[in-house]
**Q** 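Structure provided below as structure tokens; questions to follow.
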Amino acid sequence: MSDAASEKNTALMEKIVSLCKRRGFIFQSAEIYGGLNGCWDYGPLGAELKRNLKDYWWRKNVQEREDILGLDGSILTHQDVLKASGHVGGFSDPMCDCLLSKARLRADQIEPQSGTAYHYTGASHAESGWSVERPYSVLISGNQDENKARKTAKQYYSQFLTDKQISPKTIELAGESTEELTETTRYNPENGSLLTEPREFNLMFKTHMGASADDGDESAVAYLRPETAQSIFVQFKNVAETNRVKLPFGIAQIGKSFRNEINPRNYTFRSREFEQMEIEFFCRAEDGLALTDEWLERRLTFYEEIGIPREHLHVLDIPDGERAHYSQKTYDIEYEFPFGIQELEGVAYRGAYDLTKHKEHSGKPLEFFDDETKEKLIPHVVEPSAGCDRTILALICEAYDEETVTDEKGKEEIRTVMRFSPRMAPVKVGVFPLLKNKPELVEKAREVQALLVPHMNVFYDETAAIGRRYRRQDEIGTPFCVTIDFDTLGESGDELKETVTLRHRDSMKQERVAIADLRNFLLDQIA
RNA sequence: GCGGGUAUAGCUUAGUGGUAAAGCCCUAGCCUUCCAAGCUAGUUAUGUGGGUUCGAUUCCCACUACCCGCUCCA
């Protein structure tokens with residue numbers, strides 16, 4: 001992306017963030033206390049939007065399918081579950097930073113080295129009177145010039161110089177001593193610079209169960225789940241045994257997960273608390289690959305149904321070597337966010353890995369008896385795992401539009417429109433009396449509101465001019481507005497009596513619709 | 001985690017070492033017959049904590065949050 005394009009996209013993202021706050025889609029968590037890094041709250045409209053997304057996903061993937069069952073697992077997770085899944089052991093990589101280049105390295109992947117370590121206690125510059133006291137070391141191998149160590153150390157200390165005119169070459173090193181080291185991993189193999197102490201970066205939130213549990217009581221340790229998938233695997237046997245299922249079948253779950261991200265970024269895109277919509281689709285081994293492709297297509301169709309066109313999505317076929325070791329096939333479904341192309345969902349063929357691991361660790365039989373083939377087997381699994389909040393952000397980015405409109409006087413202005421699909425829109429219809437100081441209009445509008453309210457989210461508004469009310473609804477993406485006027489009351493004769501103006505958000509076109517037809521018309525549009 | 005930037009009302013922006021300004025939005029009232037009309041009145045702000053100072057929104061430091069670039073993302 002060019003600089004200009006990047007700036008434009010940053011500006012666009014800022015406008016979207018601003019609108020989300022102004023209209024009550026998304027707020028920063030604990031804003032009045034300065035905010036909580038990587039956490040966000042959904043305001044009234046955001047809550048509606050998210051509910052619409054989750055409801056539609058659930059309807060399509062659970063309620064309308066005979067072969068997928070729902071689950072709602074606990075967020076607090078038994079530590080053994082996450083030991084079995086590999087999250088406790090393999091999920092916490094000790095990391096070091098290079099003191100010179102600031103590069104971050106995985107401590108367990110550093111090649112052990114041997115050589116001579118040159119230690120220093122600090123550095124100074126006689127002419128300017130500058131000095132710094134701070135221990136530092138450089139490792140050089142036997143055949144390297146010792147001056148290389150001094151040069152590297154000077155470079156390191158020069159970063160503390162306040163006067164940038166001073167050449168690193170002219171500073172004096174203090175307290176040089178040497179030490180022979182073998183098989184050390186404390187130095188950066190690239191440049192010999194000392195590294196910071198290895199630090200754990202466990203991405204899971206850890207807690208202790210029980211009011212009296214102290215931090216040292218390892219048996220009381222529990223975690224906030226880092227993914228919803230594990231409770232599905234752990235409850236696999238219960239679900240299968242209580243529901244007379246046969247392969248292939250799925251278990252679906254929507255719920256919060258938590259990851260202590262080092263670096264939350266891009267608005268709500270990478271949050272520490274986030275919601276997932278996951279399916280674990282269990283199948284016979286021979287069907288796994290084909291089902292993965294099938295699910296990919298089904299998921300792409302889903303995104304189209306909620307208003308994200310196929311051409312704004314990218315499918316990444318994760319190549320060999322980059323997939324998790326247990327996965328024979330993984331697709332990422334990505335969306336063109338203003339800040340870049342980023343993942344919305346992963347569709348992964350995970351083989352029998354998860355159930356096998358839980359079988360091993362729990363010692364419980366997790367085989368499934370296949371009635372058709374009369375054999376006991378550990379089913380394979382295909383996992384379409386979507387990020388709910390990411391999809392919300394994609395819906396918002398996709399919907400945001402600015403349109404130049406010209407009024408009768410030829411004056412141009414910007415109309416901001418959220419073009420949500422009617423299915424996802426937080427408010428489905430605005431109901432307005434043309435004038436609020438005419439009680440007959442208000443009364444009729446209230447009747448129309450009451451007629452629609454049991455079936456959809458309706459917004460009643462009688463303040464300000466009618467045009468302003470339309471624009472307010474444009475900005476929150478309400479697809480339809482209904483206006484009750486004097487014709488509704490029968491002032492222009494019986495033909496128009498009991499009809500209203502139906503105004504369309506996208507085209508701004510108006511049509512006349514009978515109140516009696518309104519409910520069914522709108523229900524068809526938002527289904 | 002590193003580097004850079006930013007922080008004044010719901011939003012967009014002024015401004016000042018000594019009473020913080022405007023537009024939009026919003027609320028109420030009047031008026032108003034279909035695309036942000038008009039008039040009147042009104043609410044709301046210097047991110048947090050220190051320091052310097054008689055006095056700090058302004059200067060300095062730290063923290064927090066957000067944005068950008070790296071890094072990371074089982």
Side-chain angles (χ1 to χ4, degrees), chain A residues 1 3 6-7 9-11 13-15 17-24 27-40 43 82 85-93 95-106 159 196 199 201-204 226-227 259-267 269-270 272 323-327 339-340 342-343 405-409 411 413-417 432-438 441 463-475 481-489 491-492 500-505 507-512:
Chain A
M1 185 182 320
D3 282 2
S6 160
E7 262 177 49
N9 287 328
T10 300
M13 205 54 215
E14 279 173 9
K15 283 193 211 173
V17 170
S18 173
L19 182 135
C20 283
K21 183 178 183 194
R22 187 170 72 248
R23 303 315 302 254
F27 304 123
Q28 196 179 6
S29 178
E31 191 191 58
I32 64 168
Y33 289 103
L36 185 60
N37 186 254
C39 295
W40 304 88
L82 297 163
S85 66
H87 287 89
V88 169
F91 198 41
S92 57
D93 302 325
M95 305 289 279
C96 305
D97 294 326
C98 173
L99 288 167
L100 186 65
S101 69
K102 309 299 181 193
R104 173 160 293 166
L105 306 166
R106 274 181 60 168
Q159 66 185 312
T196 58
R199 279 174 303 176
F201 280 85
N202 195 312
L203 296 189
M204 284 199 295
E227 60 178 27
R259 293 180 199 181
N260 208 349
E261 295 288 351
I262 296 163
N263 192 1
R265 270 297 166 85
N266 290 326
Y267 201 31
F269 183 81
R270 184 176 300 149
R272 293 205 162 113
R323 289 189 302 270
H325 63 87
Y326 47 76
S327 178
F339 46 80
Q342 298 276 354
E343 182 185 349
V405 290
T406 312
D407 64 16
E408 307 100 50
K409 295 163 200 150
K411 201 180 94 184
E413 59 182 8
I414 303 284
R415 183 173 82 115
T416 303
V417 197
F432 315 138
L434 186 57
L435 300 171
K436 82 166 161 180
N437 60 354
K438 297 287 184 286
L441 291 176
T463 66
I466 192 72
R468 177 185 295 275
R469 281 179 261 167
Y470 287 151
R471 294 301 172 83
R472 278 178 187 156
Q473 296 306 309
D474 289 344
E475 214 181 28
C481 290
V482 165
T483 300
I484 286 78
D485 60 17
F486 294 99
D487 290 345
T488 314
L489 302 175
E491 285 198 0
S492 304
V500 293
T501 302
L502 180 76
R503 183 262 193 184
H504 295 259
R505 174 194 67 201
S507 62
M508 295 169 70
K509 292 261 166 53
Q510 304 190 150
E511 61 177 316
R512 205 71 198 176

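In what follows, chains carry the letters A, B, and so on, assigned in the order in which the sequence lines appear, proteins first and then strands, with residues in each chain numbered from 1.
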**Q** Can A:Asp485 and A:Arg512 be counted as an ion pair, charged N to O under 4.0 angstrom?
**A** yes

**Q** Any N or O donor-acceptor pair under 3.5 Å from the base of B:rC34 to the side chain of A:Thr501?
**A** yes

**Q** Measure CZ/A:Arg469 against P/B:rU32 and give the value in whole Å, please.
**A** 14 Å

**Q** With a cut-off of less than 4.0 Å, is there a side-chain N or O of A:Arg472 near OP1 or OP2 of B:rC35?
**A** no

**Q** Determine whether any donor atom in the side chain of A:Asn263 lies under 3.5 Å from an acceptor atom in the base of B:rC72, or the reverse, and answer yes or no.
**A** no

**Q** Given B:rG29, is OP1 or OP2 found less than 4.0 Å from the side-chain N or O atoms of A:Lys436?
**A** yes

**Q** Where do A:Ile484 and A:Leu441 come nearest, in terms of heavy atoms and distance?
**A** O-CD2, 3.6 Å

**Q** Within the structure shown, what part of the strands sits under 4.0 Å from A:Phe432 by heavy-atom distance: base, sugar-phosphate, or nothing?
**A** nothing

**Q** State, with a plain yes or no, whether a side-chain heavy atom of A:Arg469 is found less than 4.5 Å away from one of A:Cys481.
**A** no

**Q** Expressed in whole Å, how much space separates the C1' atoms belonging to B:rU19 and B:rA45?
**A** 15 Å

**Q** To the nearest 0.5 Å, what is the distance between CZ on A:Arg270 and CD on A:Glu343?
**A** 10.0 Å

**Q** Taking CZ from A:Phe269 and P from B:rC67, how many angstroms apart are they, rounded to a whole number?
**A** 13 Å

**Q** When we call it a touch if two heavy atoms are under 4.0 Å apart, what does A:Arg503 touch: a base, just sugar-phosphate, or nothing?
**A** base

**Q** Determine the contact category for A:Glu491: base if any of its heavy atoms lies under 4.0 Å from a base atom, sugar-phosphate if only primed atoms, P, OP1 or OP2 are that close, otherwise nothing.
**A** base

**Q** With C1' as the reference atom in both, quote the distance from B:rC11 to B:rC68 in angstrom, rounded to an integer.
**A** 22 Å

**Q** How many whole angstroms separate atom CD1 of A:Ile32 from atom P of B:rA45?
**A** 14 Å

**Q** Between B:rA36 atom C1' and A:Asp474 atom CG, what is the distance in whole Å?
**A** 10 Å

**Q** How far does the C1' atom of B:rC67 sit from the matching atom of B:rC54, given to the nearest Å?
**A** 39 Å

**Q** Using side-chain heavy atoms (C-beta onward) and a distance below 4.5 Å, is A:Arg472 in contact with A:Thr463?
**A** yes

**Q** For the base of B:rC73, is there a side-chain donor-acceptor partner from A:Arg259 under 3.5 Å away?
**A** no

**Q** Under 4.0 Å, heavy atoms only, any strand: does A:Gly38 hit a base, just the sugar-phosphate, or nothing?
**A** sugar-phosphate

**Q** In whole angstrom, give me the gap between the C1' atoms of B:rU12 and B:rG69.
**A** 26 Å

**Q** Can A:Gln510 and A:His504 be said to form a side-chain hydrogen bond (donor to acceptor under 3.5 Å, both in side chains), step by step?
**A** CA-CA 6 Å; A:Gln510 304 190 150; A:His504 295 259; over 6 Å; no

**Q** Ignoring backbone atoms, establish whether A:Asn37 has a side-chain N or O less than 4.0 Å from OP1 or OP2 of B:rU64.
**A** no

**Q** Using the P atoms only, state how far B:rA22 lies from B:rA9, rounded to an integer number of Å.
**A** 15 Å

**Q** Hey, does A:Arg272 have a side-chain heavy atom less than 4.5 Å from the side chain of A:Trp40?
**A** no

**Q** How many whole angstroms separate atom CG of A:Asn260 from atom P of B:rC73?
**A** 15 Å

**Q** Within the structure shown, what part of the strands sits under 4.0 Å from A:Leu434 by heavy-atom distance: base, sugar-phosphate, or nothing?
**A** base

**Q** If you assign each of A:Ala324 and A:Gly467 to its closest nucleotide in RNA chain B, which residue comes earlier from the 5' end?
**A** A:Gly467

**Q** Does any part of the side chain of A:Lys509, heavy atoms only, come nearer than 4.5 Å to the side chain of A:Arg503, both counted from C-beta?
**A** no

**Q** So if I take every side-chain heavy atom of A:Thr483 and compare against B:rU32, B:rC34, B:rC67, which nucleotide ends up nearest?
**A** B:rC34

**Q** Grab the CD-P distance between A:Glu475 and B:rA36 for me, whole Å please.
**A** 14 Å

**Q** Nearest to the side chain of A:Gln28 - B:rU33, B:rC66, B:rC34?
**A** B:rC66

**Q** Nearest to the side chain of A:Phe486 - B:rU32, B:rU33, B:rC68?
**A** B:rU33

**Q** In whole Å, I'd like the distance from the CG atom of A:Asp485 to the P atom of B:rC35.
**A** 12 Å

**Q** Indicate yes or no: at least one non-hydrogen side-chain atom of A:Cys20 is less than 4.5 angstrom from one of A:Phe27.
**A** no

**Q** What's the closest nucleotide to the side chain of A:Arg265 if the choices are B:rC34, B:rC68, B:rC66?
**A** B:rC68

**Q** Using the P atom as the reference point in each nucleotide, state the distance between B:rU6 and B:rU43 in Å, no decimals.
**A** 33 Å

**Q** Using the C1' atom on both, measure B:rU8 against B:rG47 and round to a whole Å.
**A** 10 Å

**Q** Just wondering, do A:Pro226 and A:Leu82 contact through their side chains at under 4.5 Å, heavy atoms?
**A** yes

**Q** Going by heavy atoms in the side chains, are A:Ile466 and A:Leu434 under 4.5 Å from each other?
**A** yes

**Q** Give me the distances for all protein-to-nucleotides 6-12 of chain B N/O pairs that come in under 3.5 Å?
**A**
{"unit_1": "B:rC11", "atom_1": "OP1", "unit_2": "A:Lys21", "atom_2": "NZ", "d": "2.9"}
{"unit_1": "B:rC11", "atom_1": "O3'", "unit_2": "A:Ser18", "atom_2": "OG", "d": "3.0"}

**Q** Please tell me whether A:Arg23 and A:Thr416 have a donor and an acceptor in their side chains that are separated by less than 3.5 angstrom.
**A** no

**Q** Expressed in whole Å, how much space separates the C1' atoms belonging to B:rG49 and B:rA65?
**A** 15 Å

**Q** Could you check whether A:Gln510 gets within reach of a base, just the sugar-phosphate, or nothing at all, counting any heavy atom under 4.0 Å?
**A** base

**Q** Out of B:rC35, B:rC73, B:rA74, which has the shortest distance to the side chain of A:Pro226?
**A** B:rA74

**Q** Side-chain donor or acceptor of A:Tyr470 under 3.5 Å from a matching atom on the base of B:rC34?
**A** yes

**Q** Quick test of your reading of the model: are A:Arg415 and A:Glu475 salt-bridged, counting only N-O distances below 4.0 Å?
**A** no

**Q** Does a nitrogen or oxygen in the side chain of A:Asn266 sit under 4.0 Å from OP1 or OP2 of B:rC68?
**A** yes

**Q** Can you check whether A:Arg468 has a side-chain N or O nearer than 4.0 Å to OP1 or OP2 of B:rA37?
**A** yes

**Q** Separation of A:Leu19 atom CG from B:rA36 atom C1', in whole Å?
**A** 14 Å

**Q** Dot-bracket notation for RNA chain B is requested: 5' to 3', Watson-Crick or G-U wobble pairs only, both distances under 3.5 Å, with ( ), [ ], | and . as defined.
**A** (((((((..((((....[..)))).(((((.......)))))....(((((..]....))))))))))))....

